[in-house]
2 protein chains.
Amino acid sequence: MSNDAHNSRRRRSTEQPTLKQVADAAGVSAITASRALNRPDQVNELTRARVLEAVERLGYVPNLVAGSLASARSRFIAVIVPSLANSVFIEVIQGLQETFEAQGYQILLGNTEYDLEREYQLIRTFLGWSCSALVTAGLRHNEACRTLLANCDKPIMEVMELGEARDLNVGLDHTEAGRCMARHLLERGHRQTLFIGARLAGDYRAGMRYEGHREIFEQAGLTAPLLELERGGLDAGAAGLERALAEHPDIGAIHFANDDLATGALLHAQRLGLAVPQRIAIAGFNGLPIGQHVTPRLTTIRSPRHAMGELAATAVIRRLEGQRVARRQHDVGFELLVGDST
Amino acid sequence: MSNDAHNSRRRRSTEQPTLKQVADAAGVSAITASRALNRPDQVNELTRARVLEAVERLGYVPNLVAGSLASARSRFIAVIVPSLANSVFIEVIQGLQETFEAQGYQILLGNTEYDLEREYQLIRTFLGWSCSALVTAGLRHNEACRTLLANCDKPIMEVMELGEARDLNVGLDHTEAGRCMARHLLERGHRQTLFIGARLAGDYRAGMRYEGHREIFEQAGLTAPLLELERGGLDAGAAGLERALAEHPDIGAIHFANDDLATGALLHAQRLGLAVPQRIAIAGFNGLPIGQHVTPRLTTIRSPRHAMGELAATAVIRRLEGQRVARRQHDVGFELLVGDST
DNA sequence: TACAACGATGTTAGCGCTAACATGATAGCG
DNA sequence: CGCTATCATGTTAGCGCTAACATCGTTGTA
């Protein structure tokens with residue numbers, strides 16, 4: 001005995017009401033109910049009111065999966081970053097999220113852990129979710145990933161750095177940032193300097209800053225040695241300072257790849273009783289708040305990371321809405337914050 | 001003239017190959033191809049090899065939207081946090097993400113900005129995506145949200161704090177943490193103390209810590225005034241210190257709601273030439289690395305946030321796989337880190 | 001008055017995949 | 001040898017929604 005019209009092969013799992021039920025309750029067809037919810041201007045105001053009332057009464061929650069399948073569009077934006085441990089990416093994500101969510105897009109966040117193969121897998125997954133657009137941190141991808149991106153007609157936004165982007169690009173010139181800090185150190189009279197970074201294979205943008213740094217010092221006829229650490233963070237910065245003093249006793253300034261390292265070193269110098277910048281000058285990158293609170297204030301470079309996220313999202317949204325994007329490439333620039341540590 | 005069998009109402013948008021095409025290329029039916037990809041043990045090894053070869057050759061990317069609709073299951077886990085600006089949530093998210101992604105689940109991240117109405121909207125959206133489970137930070141939700149959660153048969157995990165959870169719960173007792181620090185301050189001989197927090201309506205867990213703090217001091221016959229700031233962060237901590245000294249000149253110790261505020265205050269005290277802890281003792285909460293790098297080291301409470309995420313994810317996964325979850329409620333505890341600032 | 005133009009709504013046919021059931025071949029066993 | 005159990009694969013019928021086309025009344029216009 002079937003208690004239903006045709007229970008031959010039913011498999012509705014949840015008892016959630018469907019759009020059809022809402023439509024029946026409102027006395028309209030399913031498509032009208034759909035339009036009432038998604039294209040309000042295409043239905044009569046009274047009809048819409050009845051549909052909304054039925055939605056409310058039945059506690060209808062639209063099945064977005066079905067909607068995406070039918071329309072071949074989801075309102076997902078894939079966002080792929082190499083790390084969540086680094087606050088830099090968090091700030092960009094925040095800018096992206098605020099802007100996208102305000103327009104009704106949902107972010108799908110992927111974390112590659114600096115692994116390009118994982119990036120490929122993530123992009124595959126996200127494409128499988130018919131995401132509307134892709135935002136990735138960085139311009140470097142592996143072969144498979146480049147193929148996937150090339151064969152995909154969705155907007156692709158590459159953020160953080162500037163360069164030969166596939167499609168849209170919002171970022172800053174890291175090589176130039178490295179040059180900028182190097183020039184500052186030179187101006188301050190530092191001749192014996194060291195660049196300290198961590199895991200530069202992954203954080204290749206730090207490597208680019210080192211290249212800029214080296215360029216300037218070599219132009220001045222000076223060497224610019226590099227010290228690469230196994231890990232990042234405050235502890236690593238402190239350890240890096242120790243190693244620097246041991247391996248390069250005559251060093252006068254250290255250009256750190258980021259503020260975490262630099263702050264760790266600066267606070268450690270305090271503990272060691274080393275005068276900063278007299279005995280050793282310290283510079284960072286990122287312009288994190290902590291750098292402006294330590295004494296002496298850290299010399300660093302600040303980039304508009306939140307704005308970078310907003311600008312990137314805005315450009316993607318314009319593209320998705322079929323509008324022209326004014327600039328495919330946008331340099332957000334950076335700002336040298338001269339503190340008292342150099 | 002149709003160049004296709006029946007182009008009456010075609011609307012395939014992308015030219016992405018479908019599972020059917022893969023199946024044809026491999027000489028099997030669609031369902032076999034599906035099984036080859038999703039239930040490898042249910043198909044013959046050779047058949048599977050042929051399917052995988054076809055997948056590779058055609059560059060097939062599974063349409064996860066269609067799969068989810070058909071199976072009424074997605075591999076999404078909704079994760080809802082009140083803020084991304086606070087590194088505390090980031091660490092929990094990292095723990096969640098690592099664990100979930102390792103099991104093939106994708107995180108859908110929502111940010112409520114401490115707004116319970118936004119939380120409701122996010123949960124609606126995520127349910128619309130047929131997420132497999134929901135992880136939310138905190139036990140407080142608004143009426144609509146509670147209804148939604150009550151009528152939803154998916155695993156629900158509430159993290160960060162312990163209490164009357166709807167389903168699963170992993171967290172720590174914030175009231176007890178507040179008591180713990182208060183006892184420490186009492187032991188150190190501090191009688192005139194002040195609790196400083198920011199935006200406690202949103203960060204109600206800080207409010208719970210204050211309640212614990214007050215309880216202990218009132219039991220000792222002492223008052224425990226509260227100073228609430230408009231904003232958080234290092235700057236706010238510095239400003240809070242100034243206000244505390246102005247409004248409570250006889251104060252000997254400040255219990256800050258978190259390490260950001262405490263560190264800001266501690267570094268500002270340095271600049272002001274105030275001896276910490278002799279003139280003013282400072283305590284925080286969270287156990288952030290920076291607190292262990294400043295001089296004097298910050299007294300604080302560390303909670304295992306990364307582990308909290310891992311444990312939460314593990315429990316949810318067990319539930320999803322139909323296994324029994326040993327403990328519906330799990331207290332991850334906390335640890336008093338006695339520094340030199342108290 | 002006839003006809004186009006438009007607005008509001010409905011009908012039909014999928015989107016690409018998988019659950020449920022069906023089938024057929026092979027193995028195991030008394 | 002007939003029976004059931006098991007494995008590998010196929011057929012059918014949706015999942016819940018929306019695109020595309022169709023319909024029907026109402027207006028405006030020559």
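Worth saying up front: this structure is predicted, and the values here are computed from it rather than measured. All chains are named by letter (A, B, ...) in the order of the sequence lines, taking the proteins before the strands, and each is independently numbered beginning at 1.
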Next on the checklist: Can you tell me how far apart CG (B:Asp24) and OG1 (B:Thr18) are? Round to the nearest 0.5 Å.
Outcome noted: 8.0 Å
Checklist entry - Do the side chain of B:Asn169 and the main chain of B:Arg328 share a donor and acceptor less than 3.5 angstrom apart? => result no
Checklist outcome for this item: Taken to the nearest whole Å, CD/B:Gln16 to P/C:dC15 is 15 Å
Checklist entry - Can you tell me how far P of C:dT11 sits from CG of A:Asp24, to the nearest Å? => result 11 Å
Item to check | Spacing between B:Lys20 atom NZ and D:dT12 atom C1', to the nearest angstrom | outcome: 14 Å
Next on the checklist: I'd like to know if B:Glu143 pairs up with B:Arg146 as an ion pair, taking the criterion as any Lys NZ or Arg NE/NH1/NH2 lying under 4.0 Å from an Asp or Glu carboxylate oxygen.
Outcome noted: yes
Next on the checklist: If the helix axis at each end comes from five base pairs, how far does the helix from C:dT1-D:dA30 to C:dG30-D:dC1 deviate from straight, to 10°?
Outcome noted: 40°
Next on the checklist: OP1 or OP2 of D:dG16 versus the side-chain N and O atoms of A:Tyr60: is any pair under 4.0 Å?
Outcome noted: no
Checklist entry - Which nucleotide in the list D:dT18, C:dG16, C:dT11 gets nearest to the side chain of A:Ser29? => result C:dT11
Item to check | Nearest heavy atoms of B:Ile90 and A:Leu84, plus distance in Å | outcome: CG2-O, 3.4 Å
Would you list the atom pairs, donor with acceptor, under 3.5 Å between side chains in residues 96-103 of chain A and any protein atom, with sequence neighbours excluded?
from	atom 1	to	atom 2	distance (Å)
A:Gln97	OE1	B:Asn111	ND2	3.2
A:Gln97	NE2	A:Glu101	OE2	3.4
A:Glu98	OE1	A:His306	NE2	3.2
A:Glu98	OE2	A:His306	NE2	3.3
A:Thr99	OG1	A:Gly95	O	2.8
A:Glu101	OE1	B:Arg118	NH2	2.3

Checklist entry - To the nearest 0.5 Å, what is the distance between CG (A:Leu116) and CZ (A:Arg140)? => result 9.5 Å
Checklist entry - Rounding to a whole Å, what distance do you find between A:Ile31:CD1 and C:dT12:C1'? => result 11 Å
Item to check | CD (B:Glu45) with more than 12 external heavy atoms under 6.0 Å | outcome: no
Next on the checklist: What is the separation between atom CZ on A:Arg73 and atom P on D:dT18, rounded to the nearest whole Å?
Outcome noted: 9 Å
Checklist entry - Taking OP1 and OP2 of D:dT9, is either one under 4.0 Å from a side-chain nitrogen or oxygen of B:Thr32? => result no
Checklist outcome for this item: Sorted by chain and residue number, the salt bridge (Lys or Arg N to Asp or Glu O under 4.0 Å) partners of A:Arg35 (sequence neighbours excluded) come out as none
Item to check | Residues touching DNA chain C, which here means a heavy atom under 4.0 Å, drawn from residues 33-48 of chain B | outcome: B:Ser34, B:Asn38
Item to check | Distance in Å, B:Arg39 CZ paired with B:Asp41 CG, rounded so as to fall on 0.5 Å steps | outcome: 8.5 Å
Next on the checklist: Base, sugar-phosphate or nothing for B:Val28? Non-hydrogen atoms, less than 4.0 Å.
Outcome noted: sugar-phosphate
Item to check | side-chain hydrogen bond (donor to acceptor under 3.5 Å, both in side chains) against A:Arg305, all qualifying residues, sequence neighbours excluded | outcome: A:Glu91, A:Ser303
Next on the checklist: Assess the residue pair B:Arg319 and B:Met157 against the criterion (side chain to side chain contact (heavy atoms under 4.5 Å, CB included)); give the C-alpha distance rounded to whole Å, side-chain angles, the decisive distance to 0.1 Å, and a yes or no.
Outcome noted: CA-CA 11 Å; B:Arg319 171 69 65 82; B:Met157 167 63 82; over 6 Å; no
Checklist entry - Roughly how many Å is it from CG in A:Leu69 to P in C:dC15, rounded to a whole number? => result 9 Å
Item to check | Close approaches to DNA chain D from residues 126-134 of chain B, in residue order (heavy atom, under 4.0 Å) | outcome: none
